[in-house]
Structures are given as structure tokens and as C-alpha cells.
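Position 1 is the first residue of the sequence, and the numbers go up from there.
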Amino acid sequence: MKFKYDVIVIGGGHAGCEAACASANLGAQTCLVTMDMNKIAQMSCNPAVGGIAKGQIVREIDALGGQMGQVTDATSIQFRMLNVGKGPAVWSPRAQCDRGKFIWEWRRHLDATPNLDIWQDQADELLVENGEAIGIRTIWGAEIYAKCVVLTAGTFLNGLMHIGRKMVPGGRIAEPAVPNLTESITRHGVSTARMKTGTPVRIDKRSVHFEDMEIQPGESRPYQFSYLNKGGALKQLPCWTVNTNEDVHEILRSGLADSPLYNGQIQSIGPRYCPSIETKLMTFPDREKHPLFLEPEGEDTNEMYLNGFSSSLPMDVQINALKKIPALRDMKVYRPGYAIEYNFFDPTQLNHSLESKIIKNLFMAGQVNGTTGYEEAGGQGTMAGINAALKAGAASGADCNSTTAETTRFVLHRDEAYIGVLIDDLVTKGVDEPYRMFTSRAEYRILLRQDDADARLTEKAYELGLATRERYDWWMEKKQYIEEIETFCQNFAIKPKLINSALEALGTTPLQFGCKLVDLVNRPQLNLQNLSEIIPQLKEVLNRPQNRREEIAEAAEIRMKYKGYIDREKVVADKMHRLENIKIKGHFNYNELQGLSTECRQKLEKIQPETLAQASRIPGVSPSDINVLLVLLGR
């Protein structure tokens, strides 16, 4: 059997689902190839979406017209806003989800997407002709041809699972590995390496003594990820916290000789910021306890996820150690934790569009690029799907069957989105461990807040043809209300004698002279909510939006309170854009430039940066090297 499409997406995980939807919604005839249609967007590890910087990425996916935010809202069983005690630049939404319902909600979105077919099969070989990807061959002999191929195979490429000294090939527990696809790619000159990740034990909640744990409730305020949704409908559930103890640690240490991480069985590097419990013991030998978080897997299941206890120790060591925790003394488990090794490809072999520099028309997204996390995968998948569709001819409604359709690409810069930071870091710096996004990785994080992703990206997505008219209209309405609140606060005069007693009651200094309302909003003790209780005119303005009033007021307040910081960061970003506009790709043979350091020449020759700004971010390229390039360019 032979089939023909504009775009093929290999893998039905978080990257693959977003890539398939983005491609199809841009008009490209798209085929999503997945091994199991019943495990679409499976949450292989913890059943949660968002977190530090990750929540911002989900908001960006949503603002671009992606699906992860809507699916999360529909299946959320607990929502929390992290870092609210700090500045809004690092506020990060996070939601606990119902794992099973998450899968079927994603299936519903995929099934409702026009131009998208699903083929249940396993990709076995990438078909390449004259240095260009032209399709795939599956294990059942089906040949699927396309103008572009998006690879989002997750941890399945030559996946190998470890529990103690026992090793079983697989891409996920009870699912087979993909054995030949990596080799069909590397034979064309693409380099590969191995990474490791892991997951914890799953526990039957009926065997847990919750009276010995500390409850961790969610937010009472109805936060949500998507800018479109009206809120979820599932029952909200608490999480629970508990600590390990020295008895637990003693048993864990006794099993280290059989730990794949420490007996030489696993050679690859795992995620630094999500270490296994045995790595925590070795890295922090003086710590008497480590926090664990028991999280529900759904509203209708007894299965619970023990966050913080990722492990590949023998199963008896894992279980016996955990039973030394009073709350888990009678614990029953569904399965132990395990580690998994898998292939990834050096992301410096990609362009910013996520297209391979070596095999044309091949795009890569997710863990195959050396990242970790559903959110990082979803962000890459969105961008890879967009760019694959554009390369296939879907730009501005172009006929995808036309070979003369103009191709272009869609790239986000570091001051436009965390997704832009993520991709730029990958293709410029590469990875030596699984890459995880943090707010600290973004130099423009005041501009990349979770509250303004729609302000940054929705109009771009609408012009591209990805964001719907409904999404665009809602953003324009929200934008109008935000500006109305800001204008009111900038123009409304405050008289001291009418407000001073109320200001003292709110713990702030009374006024000596009149001022504008915005000057009060900027005080740390005051906000739009408490000011609206003493200024009826402000309350009237805040009540004008028919829905999402808190979201609109919060966005307006942040813009006013942090205006000085925001404006200053925009100036810095504009300066960097001058270097972004200086194209250098193809201008130099770096090996012949003796004015550059040896390390600089080697790095520039390998990565071939497109702009001077990208070159400046490559490790090993110094400011003096950039000055040499500027001189050679005649700048």
C-alpha cells in the first residue's frame, strides 16, 4: 500500500499531536503515524502540565492556536499558580490532570481537525532520495510519501528499560521500542547519541495512610491555561506531601550495587533537574530527608504517582524502602519505577525552523532533540508542524499540491517567546543532558510572562492562518479592555481628603498632594482589586468585561506596575535585534579567519549561525570574536 500526503508526523506524543494539528490547520494534508491510537498524548511520567517556565510555554502554544492548553483545562483535577510570592515574570501555572481523560480529550481534538488522518502503525525506515526526506516505510510494509516528514518519536528510538539488572527493550512500559528508524537516519550523516530518563513507582491509594501525610490543595481561584476556555468540569482533588527518612535511605543505599546508574549498566546522562532518588542520595549525602509528592492520576482511579521518587533500583529495594515511610507502611504498588535509555539527535544539526541541515524536508521535535518534558515537546511540535506545512506549500492558503508554491518559515525570537528561547538554545548551543526550560534561561523574562502570551503571539498566529477568528476576536476584545483600564488609571485624578483614611487602613502612606490613580496602583500595598472597593468608578470599569474579568484586570495591573522594567527590557531586546538583522551565514569560511580563536572557528564552522546574534550565543565565541566579525563585515 502506498499513500501520499503533504506532511507525515511520526509519533503520537505531545510533540506529534501539536505538530499534526498545526500542520493540518494550516491546510496541509497531514498523516499522523502512531503505534497505538489509544495512547495518544500519553503522559508517560507525571500526570501534570505546566510548572516553572513550562506553564508559560503552554500559554504560548495556546496563543499560537495549539491544543495543549484546552486539553489541560478540560481534564484538570487541580490547578496551582507557582511563584506567586515573587514577581509576575516568574509566575507559572501548573495543572494536575486526569491521565485517561487527557488522552481521549486529545483524540477528540485530533478527530475534529480537518485535513488530518491517523494511521496506526510503526515507522521502520525514513525514505530519503537525493538528500531529501520523501516519506516512510512501516513495519507492515506500508509506504507513506510526503513533501515533509516530522519526527517526534519520544523515547522509543532503540529504547531500553532498566529495573535493577533487568533490561527490556521498550519505548515505554509494556510498549515496544523502535529498532531500525535511527539507523535509517544516521546513514545519511546525522549524528546520534543516548540519553536516559526515568519514572517513579505507581501506588494504590487504598493502601495509603493519608492521615500521616500533609495535604496540598489547589487554587480556589479558577485559573486556566487556554485563553479561550470557560473552565474545566472535573472534580478538583488535592495532592499530598511526605518525606523520606534515614531508614528509607539505608535500604536504598544497600541496593546501589544493583543500580543501573551506578554499576555501569547505564552510560548515558539523565536529566539534572529531575534526578532519581538514588542520585539524590549520592549528590546530597548529608540530607536526612527528601520531599515526595503523592499525586492522583485521575478522578476515577486508585492509581497515584509518587513525584520525587524516580528510580531504576531493583523493585524489591524500591518497595521495601518506601514501606519505611509511615504513610506508606501498608503500600501496594501497580508497578515499580524504571529508567529508560533512548536515541536522540544533536539539535545543532537543525535550523531554527527545526528542519534538518543534513536531510532536507525532515523536521524534528521533542525528545529526539534532546529535551525533556511534555511542554517543551509541545512547543517544538507546534513550530515543526507550522514549518513543515509552510515548506509543503500551505502558506497563505497556497495549494499544497503545487510544486511552485512559495516556501517560507516561521521563527520566534528570544524576546518573543519561551519557545523561541528553547529552540535557539537547542540549535545554537546543543545539549549534553536532557534540556529542561527554566525562567532563568530567558534573558527577557519580564517580556515573556504567562499573562501576556496572547499579546505576544495571537496576532502573529492569526496572520499565519493558525489561530482561529474566535481566538483573534477574543484577544482584540481583551486588548481593548486592558487599554481601557490603563487609560482610566492614567487619567483619573485622586484627591487626598477623599481617600487618605482608606489608604491608611490598607497600610500605605496617605497622600499629601493629588495624583493620578496609576500612581496608587504602582504602590506595592495596593492593587486594582482593593482600590476598586474604595473607588466606585474603578469598580465600574473593571466590571465591564462580560467574562475573564480577573484575567483582564491582572494583565492591566502588571503592565502598569512593571512598566518601567518592561520598557527597559524592550530597549535591550531592540539592541540585540540589530545583531539579529546582520546575516552572516554563507559569508565566511571560518577556518580561514586567523583573527578568531581556534575554539571560535571550530564552533562557528560546525553550527554555521545565521546571524551575528546567534553567533554571540554560541559557547566559546567571545565578544572579541564578534568584534572581529563586525570589522570583517565592514560594520
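For K460, the NZ atom counts as loosely surrounded, since its 6.0 Å shell holds 12 or fewer non-hydrogen atoms of other residues, nucleotides or ligands. The neighbour count for E214 CD, taken as heavy atoms of other residues, nucleotides or ligands under 6.0 Å away, does not exceed 12. At most 12 heavy atoms of other shown residues, nucleotides or ligands fall within 6.0 angstrom of atom NZ in K495.
Side-chain atoms of Q70 do not come within 3.5 Å of backbone N or O of Q67 as any donor-acceptor pair. A distance-only check finds no donor-acceptor pair linking the side chain of W106 to the backbone of M68 [under 3.5 Å]. Formation of a donor-acceptor pair under 3.5 Å by the T428 side chain with backbone atoms of D425 is not found in this model. In this structure, N25 contributes its side chain and C21 its backbone to a donor-acceptor pair below 3.5 Å. Here the side chain of D6 pairs no donor or acceptor atom with the backbone of A392 at under 3.5 angstrom. Between the side chain of T152 and the main chain of G11, a donor-acceptor pair closer than 3.5 Å is present. Side chain of K561 to main chain of V521: a donor-acceptor pair is present (N/O by atom type, distance under 3.5 Å, no hydrogens or angles). With E18 contributing its side chain and I61 its backbone, the two residues share no donor-acceptor pair below 3.5 Å. When atom types are taken as modelled, the side chain of R80 and the backbone of G51 share no donor-acceptor pair closer than 3.5 angstrom. Judged purely by atom type and a 3.5 angstrom limit, S440 has no side-chain atom pairing as donor or acceptor with the backbone of F438.
A donor-acceptor contact closer than 3.5 angstrom links the side chains of T508 and R523. A donor atom on one side chain and an acceptor atom on the other are not found under 3.5 Å apart for T155 and Q367. A donor-acceptor contact closer than 3.5 angstrom links the side chains of N369 and Q380. With 3.5 Å as the limit, one finds a donor-acceptor pair spanning the side chains of E459 and W475. There is no side-chain donor-acceptor pair under 3.5 Å between Q450 and S92.
When all heavy atoms of L412 and L64 are compared, the pair lying nearest together is CD1-CD1, 4.2 Å. Summarising the geometry of I535 relative to L517, their closest heavy-atom pair is CD1-CD1, 3.6 Å, with the distance given to 0.1 Å. The nearest pair of heavy atoms linking Q525 to L506 is CB-O, 4.0 Å. Residue G298 comes nearest to D98 through the heavy atom pair CA-OD2, 3.3 Å, listed as atom of the first residue, atom of the second, then distance. Considering every non-hydrogen atom in both T458 and A63, the closest pair reads OG1-O, 3.2 Å. Considering all non-hydrogen atoms of both residues, P296 and C239 come closest at CD-SG, 3.9 Å.
Side-chain contact between L448 and R414 is absent, with no heavy atoms from C-beta onward closer than 4.5 Å. The shortest distance between side-chain heavy atoms of L32 and I40 falls below 4.5 Å. Contact check for R59 versus Y227: side-chain heavy atoms found under the 4.5 Å cut-off. The closest side-chain heavy-atom distance from W474 to R548 is below 4.5 Å. Looking only at side-chain heavy atoms (C-beta outward), P434 and T197 stay at 4.5 Å or farther from each other. Looking only at side-chain heavy atoms (C-beta outward), C274 and C45 stay at 4.5 Å or farther from each other. By the 4.5 Å heavy-atom criterion applied to side chains, F363 and L151 are not counted as neighbours. L350 has its side chain out of reach of E355: every pair of non-hydrogen atoms, C-beta onward, lies at least 4.5 Å apart.
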Pair up each side-chain donor or acceptor in residues 299-306 with any protein partner under 3.5 Å, not counting sequence neighbours, and list the distances.
unit_1, atom_1, unit_2, atom_2, d
E299, OE1, K235, N, 3.1
D300, OD2, K101, NZ, 2.7
T301, OG1, E303, N, 3.1

Intermediate values then yes/no, side-chain hydrogen bond (donor to acceptor under 3.5 Å, both in side chains), T372 and R436:
CA-CA 6 Å; T372 180; R436 179 178 181 177; over 6 Å; no
Test salt bridge (charged side-chain N to carboxylate O under 4.0 Å, His left out) applied to R108 and E105, step by step
CA-CA 5 Å; R108 187 180 71 81; E105 181 66 14; 2.7 Å; yes
Would you please test Q96 and S76 for side-chain hydrogen bond (donor to acceptor under 3.5 Å, both in side chains) and show each step?
CA-CA 6 Å; Q96 202 72 23; S76 172; over 6 Å; no
Go through the steps to decide whether D424 and H413 satisfy the test side-chain hydrogen bond (donor to acceptor under 3.5 Å, both in side chains), and finish with yes or no.
CA-CA 8 Å; D424 185 65; H413 297 295; over 6 Å; no
Under the side chain to side chain contact (heavy atoms under 4.5 Å, CB included) criterion, do L354 and N351 qualify, and how do the steps go?
CA-CA 5 Å; L354 296 180; N351 295 308; over 6 Å; no
Under the criterion side-chain hydrogen bond (donor to acceptor under 3.5 Å, both in side chains), I'd like the reasoning laid out for N115 against Q29: C-alpha separation, chi angles, the key distance, then a yes or no.
CA-CA 5 Å; N115 306 316; Q29 295 299 315; 3.0 Å; yes
N530 and L526: CA distance, side-chain angles, deciding distance, side chain to side chain contact (heavy atoms under 4.5 Å, CB included) verdict
CA-CA 7 Å; N530 58 27; L526 303 178; 4.1 Å; yes
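With salt bridges taken as basic N to acidic carboxylate O contacts below 4.0 Å, none links D454 and R471. Salt bridge annotation for E569-R449: absent, with no cationic side-chain nitrogen under 4.0 angstrom from a carboxylate oxygen. A salt bridge links E295 to R94: at least one charged side-chain nitrogen sits closer than 4.0 Å to a carboxylate oxygen.
Between Y565 and Y562, the two ring planes are tilted [angle within 30° to 60°].
The stretch residues 43-90 participates, sequence neighbours left out, in these ring-ring contact (aromatic ring centres under 6.0 Å, His included) pairs: F79-Y223, F79-F225. Judged as a ring-ring contact (aromatic ring centres under 6.0 Å, His included), the pairs with a partner in residues 372-391 (not counting sequence neighbours) are, in order, H14-Y374. Among residues at least two apart or in separate chains, salt bridge (Lys or Arg N to Asp or Glu O under 4.0 Å) pairs with a member in residues 483-493 are E484-R544, E486-R559. Here salt bridge (Lys or Arg N to Asp or Glu O under 4.0 Å) pairs that include residues 365-382, with residues two or more places apart or in two chains, are K54-E375, K54-E376.
D519 CG to Q490 CD: the interatomic distance, rounded to the nearest 0.5 Å, is 10.0 Å. Rounded to the nearest 0.5 Å, atoms OH (Y481) and CG (L542) are 12.0 Å apart.
Under a cutoff of 6.0 Å and an axis angle of 45°, R272 and Y435 do not form a cation-pi pair.
For K563, the side chain to side chain contact (heavy atoms under 4.5 Å, CB included) criterion is met by D567, not counting sequence neighbours.
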